[in-house]
K.L.:
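Would you mind keeping the following structure in view while I ask a few things?
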Amino acid sequence: RLIALAPLTQAYWAVLYSVLAATAIYFLLYLITFYWRRTLDARAQLAAVNEVLEQRVEQRTAELKETQSELIQAGKLALLGEMSASINHELNQPLTAMRTYAETLLLMINKGRYDMAEQNGREILNLNVMMAKIVGQYKLFARKSAGKVGPVSVQAVIQASVTMLEAGIQKQKIAIDIAQSDLTLEVLAESVPLEQVLVNLLTNALHALHNTENPHIHLKTEADEHRVNIALHDNGPGLTAETARKIFEPFFTTKGKGLGLGLTISRRIVESFGGTLTIDTRYRPGATFVITLPRFIRGQ
Ligand code: ADP
């Protein structure tokens, strides 16, 4: 029997080292797993939060869209209400007058006063024309673009609208000068509504120039690659800050017999062609309106 004796301390150290190493490795592994799981958890949480956020954004967007369309509807309804009130007001007066004229006309026929009867008939006709004009304005207001947008000659539209108001311009002895940088300029629009816009602006200028000495209207066109500006300036009294702010609102008018729809409709028409109608306050005295429209260039 051989008995070898060795000091136990060596064995203890070996065991201690192994235990320590095992513990360290275990601890390290634990830490790695722990952090890995935490990262995974954090990612999962982040994904969940993101999803919730996305859902909320979607929900809010949907709500916003709904509110927006409700607002548009409410706006339309409010406008409809205002328009009904205005139509009522505008048409009631001539209707009542027409009734009176018609009654008088019948009475005059009965009495054999044909001259008076004829006079009343004429008044009825005049009122009829006026009412048609009022209804026509509203029709334009309700109009949606027919979609027949195409190249329109700026020169032709200006000429047509000035010719339409020639009589008034001459009667008021208004000097009108038209400065066009390029007579071949074309815009993308519809010619009839665009003429209507220019006629509206010119009519307003004519009204504004009623009490002006040496009245003049200055029409100027300018263009860059993409846009054409048509500026219309008159040397009338111009616009107060208050008027300038409200001028494009429906039913805003400072005229006794105005409808206050001309500029609202004009802006709507120009915008339906992708353009703008604005006031330029730089040129005083007087008022300047600027129509900006997309330019059409042949061969592009
Ligand atoms: P209306 O001509 O029926 O009043 P508009 O919408 O065309 O309706 O014009 C609204 C108002 O804007 C006018 O009543 C007038 O006060 C003002 N306005 C428009 N054009 C001019 C102008 N060229 N000079 C001064 N004021 C103007």
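In this chain, residues are counted from 1 in sequence order. All ligand and atom numbering here is 1-based and tracks the order in the structure. Note: hydrogens, waters and symmetry copies are ignored here, and every other heavy atom, side chains too, is used. For clarity, every value in this text was computed on a predicted model and none was experimentally measured.
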K.L.:
Where is the nearest protein heavy atom to atom 20 (N) of ligand 1: which residue, which atom, and how far?
P.N.:
N204 CB, 3.3 Å
K.L.:
Looking at E103, I'd like to know if its CD atom is crowded, meaning that more than 12 non-hydrogen atoms belonging to other residues, nucleotides or ligands lie closer than 6.0 Å.
P.N.:
yes
K.L.:
Enumerate the atoms of ligand 1 whose separation from the nearest heavy atom of G262 is less than 4.0 angstrom.
P.N.:
5 (P), 6 (O), 7 (O), 8 (O)
K.L.:
Is any N or O atom of T254, backbone or side chain, closer than 3.5 Å to an N or O atom of ligand 1?
P.N.:
yes
K.L.:
If you measure every N or O of T253 against every N or O of ligand 1, does any of those distances drop under 3.5 Å?
P.N.:
yes
K.L.:
Within a strict 4.5 Å, meaning less than it, do heavy atoms of the D234 and I174 side chains meet?
P.N.:
no
K.L.:
With respect to K255, determine whether any N or O atom, backbone or side chain, lies less than 3.5 Å from an N or O atom of ligand 1.
P.N.:
yes
K.L.:
Among all protein heavy atoms in this structure, tell me which lies nearest to atom 10 (C) of ligand 1, with the distance rounded to 0.1 Å.
P.N.:
F252 O, 3.2 Å
K.L.:
Is the shortest side-chain N to carboxylate O distance from E242 to R245 below 4.0 Å?
P.N.:
yes
K.L.:
Quick test: of every protein heavy atom, which one is nearest to atom 24 (N) of ligand 1, and how far off is it to 0.1 Å?
P.N.:
A208 CB, 3.4 Å
K.L.:
Show the numbers, then the answer: is there a side chain to side chain contact (heavy atoms under 4.5 Å, CB included) between V129 and L125?
P.N.:
CA-CA 6 Å; V129 170; L125 265 181; 5.6 Å; no
K.L.:
Would D234 count as a contact residue for ligand 1, given that I'm defining contact as a non-hydrogen atom of the residue lying under 4.0 Å from a ligand atom?
P.N.:
yes
K.L.:
State plainly whether the residues D41 and R43 are in salt-bridge range, i.e. N to O under 4.0 Å.
P.N.:
no
K.L.:
Pull out every atom of ligand 1 sitting under 4.0 Å from any heavy atom of G238, numbered as shown with elements.
P.N.:
25 (C)
K.L.:
What residue and heavy atom of the protein are closest to atom 26 (N) of ligand 1, and at what distance?
P.N.:
L239 CD2, 3.2 Å
K.L.:
Taking atom CG of N211 as the centre, report whether more than 12 heavy atoms of other residues, nucleotides or ligands fall under 6.0 Å from it.
P.N.:
no
K.L.:
Quick check on E51: does its CD atom have over 12 non-hydrogen neighbours (other residues, nucleotides or ligands) under 6.0 Å away?
P.N.:
no
K.L.:
Within the structure, is a non-hydrogen atom of F289 found at a distance of less than 4.0 Å from ligand 1?
P.N.:
yes
K.L.:
Any atom of ligand 1 sitting under 4.0 Å from a heavy atom of G260?
P.N.:
yes
K.L.:
Heavy-atom distance under 4.5 Å between the side chains of R298 and E186, does that happen here?
P.N.:
yes
K.L.:
Please state which protein non-hydrogen atom is closest to atom 12 (O) of ligand 1 and give its distance, to 0.1 Å?
P.N.:
I247 CG1, 3.2 Å
K.L.:
Between E123 and Q119, is any pair of side-chain heavy atoms under 4.5 Å apart?
P.N.:
yes
K.L.:
Looking only at distances, can you tell me whether any N or O atom of L263, backbone or side chain, sits closer than 3.5 Å to an N or O atom of ligand 1?
P.N.:
yes
